[in-house]
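Below: the structure, in structure tokens.
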Amino acid sequence: MIQLIRGFKDILPGEVELWQHIEKTARDLFEAFGFKEIRIPIMERTELFARSIGEDTDIVEKEMYTFPDRKGDLLTLRPEATASVVRAYIQHKLYSQDPVQKFCVVGPMFRRERPQKGRYRQFYQIDAEVFGSASPYVDALLVQLLDTLMKRLGVTDVTAHINSLGCPACRPAYREALGTYLSERREALCADCERRRERNPLRVLDCKVPACREAVAEAPALSDYFCEDCRTHFQTVQTCLTDQNVAFTIDPKLVRGLDYYTRTIFEIQTSALGAQSAVAGGGRYDGLVKMLGGPDTPATGFAIGFDRLAEIVAANRGDYTLAPQLFIAALGQACRARTYGWSCELGRAGIRVEMDFSDRSLKSMMKRANRMNAAHVLIVGPQELDNQTAVLRNMQTKVQDEIPFDGLVDSLKDKLR
Ligand code: ATP
Ligand code: MG
């Protein structure tokens, strides 16, 4: 038997209803805040991700599914959505339509990491991006949206962690100070961090290796290097969050794994998923649109890990499966012929209806209806056919009613709605 690829998964009926519920809750919320859906391709030129995410990041260094197609073009299965949304924004000159635009993306992403709980090679993200505003209100709005979504989904075991990475005006001085600090502790660093130390020292702050964590414990704080604008910006984000009752923690060691961030970054973290603590992450990326060839456009966004969110919500909630409202048990060909049209009409009227087309006995049909959790069963056997009257059994109360064939569909529509 051919099995699915390691790190990939099927989302089966029973679980998929939960995914639909989460997606709908997110879409309703984003819609109210003016986000428009954008559907981007699954593949892009490798160069797009290499340039935007950054050559020195985990994603580009070792996680991308990259391959030459039959003509030798180097393509990559998207590991995240932001780069493609920015590409589309520039390519279609969306900036000429309105100075501020909000987009959302829902779909699969691909990263070749070590599969484990909460970490897959094909995983899903719910993504939101805002282009054209440098305002701290937008940063705060995005964190607030995440907080609201978690509350609507009944997720309580989460905290918003926020930090600011400064801007091109103030970050270089910090980078240098951190570089000096780290060069004095080279021996303590893991091999990855030793490499990051010169190329992207901020990422050492985020390393999960205990020795590295210890080495950076006393590292200089970026907040001491903020320029005036970065300081006010971050302060305003915090004020907005507090005013909107969004609980948050300032996490000076939060840096996030992508190169394109500036100023505010944030993560929604949970303790419910073992080692995989991040349910969502995002931040401001004011330089990216210009870097990819578009006009100088400030931007900010986030991505929610759909799989991780679904795991947390599933732990908190029961069954989302929709059971049939009516199961039609027709006994024999003549009864099937008489009832088939009813099942079509009821289905078209929006009633969840199931019909058994087999020659199973009444007993085994009732068993099937029971297993499906059907609310009612409509029984039509030879005797009912003679009497031109069906039997409607309420599966919960076990009460049986007789329903004349004449006007049956209309009376069922009334009863079952
Ligand atoms: P992590 O630190 O867990 O590797 P990340 O910083 O690489 O996360 P992002 O690129 O910020 O992740 O993606 C946003 C969200 O997507 C994450 O917070 C996480 O919930 C989810 N995510 C990332 N990688 C995976 C994966 N391999 N499987 C499932 N979900 C993932
Ligand atoms: Mg990662």
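Counting convention: from 1, in listed order, for ligands and their atoms alike. In this text the structure is predicted, and so the values were computed from the model without any measurement.
- Taking only nitrogen or oxygen atoms, main chain and side chain alike, Arg308 reaches within less than 3.5 Å of ligand 1.
- When non-hydrogen atoms are compared, ligand 1 lies under 4.0 Å from the backbone of Ala280 (N, CA, C, O) but not from its side chain.
- When each of Arg368, Met395, Met355 is paired with Phe327, the side-chain contact (heavy atoms from CB on, under 4.5 Å) condition holds for Arg368 and for no other.
- Under a 4.0 Å N-O distance rule, the pair Glu184/Arg186 does not qualify as a salt bridge.
- Closest heavy-atom approach to atom 9 (P) of ligand 1 within the set Gln122, Arg111, Glu80, Arg119: this belongs to Arg111.
- Residue Glu31 qualifies as open at atom CD: its count of foreign heavy atoms under 6.0 Å is 12 or below.
- Figure legend: cation-pi geometry between Lys9 and Tyr120, with NZ or CZ positioned under 6.0 Å from the six-membered ring centre and within 45° of its axis.
- The part of Arg256 lying near ligand 1 is the side chain, judged by heavy-atom distances below 4.0 Å.
- Considering backbone and side-chain atoms alike, Ala278 places an N or O below 3.5 Å from some N or O of ligand 1.
- Nearest residue to atom 28 (N) of ligand 1 from Tyr124, Phe110, Tyr120 is Tyr120 (criterion: closest heavy atom).
- No more than 12 heavy atoms of other residues, nucleotides or ligands sit less than 6.0 Å from atom NZ of Lys367.
- For atom 21 (C) of ligand 1, the closest heavy atom belonging to the protein is Gly305 CA, 3.5 Å.
- Screening Thr57, Thr76, Asp58, Leu77 for a side-chain contact (heavy atoms from CB on, under 4.5 Å) with Met64, the sole residue that qualifies is Thr76.
- A salt bridge links Asp192 to Arg195: at least one charged side-chain nitrogen sits closer than 4.0 Å to a carboxylate oxygen.
- Protein heavy atom in closest approach to atom 27 (N) of ligand 1: Glu113 OE2, 2.6 Å.
- Using a 4.0 Å cut-off to heavy atoms of Gln125, the atoms of ligand 1 that qualify are 13 (O), 14 (C), 15 (C), 16 (O).
- Under 4.0 Å from ligand 1, the heavy atoms of Val279 that appear belong solely to its backbone.
- Counting atoms of ligand 1 from 1 in the listed order, those under 4.0 Å from a heavy atom of Ala303 are 14 (C), 15 (C).
- Among protein heavy atoms, atom 31 (C) of ligand 1 sits closest to Phe123 CD1, 3.4 Å.
- Between Phe248 and Phe266, the distance from one ring center to the other does not fall under 6.0 angstrom.
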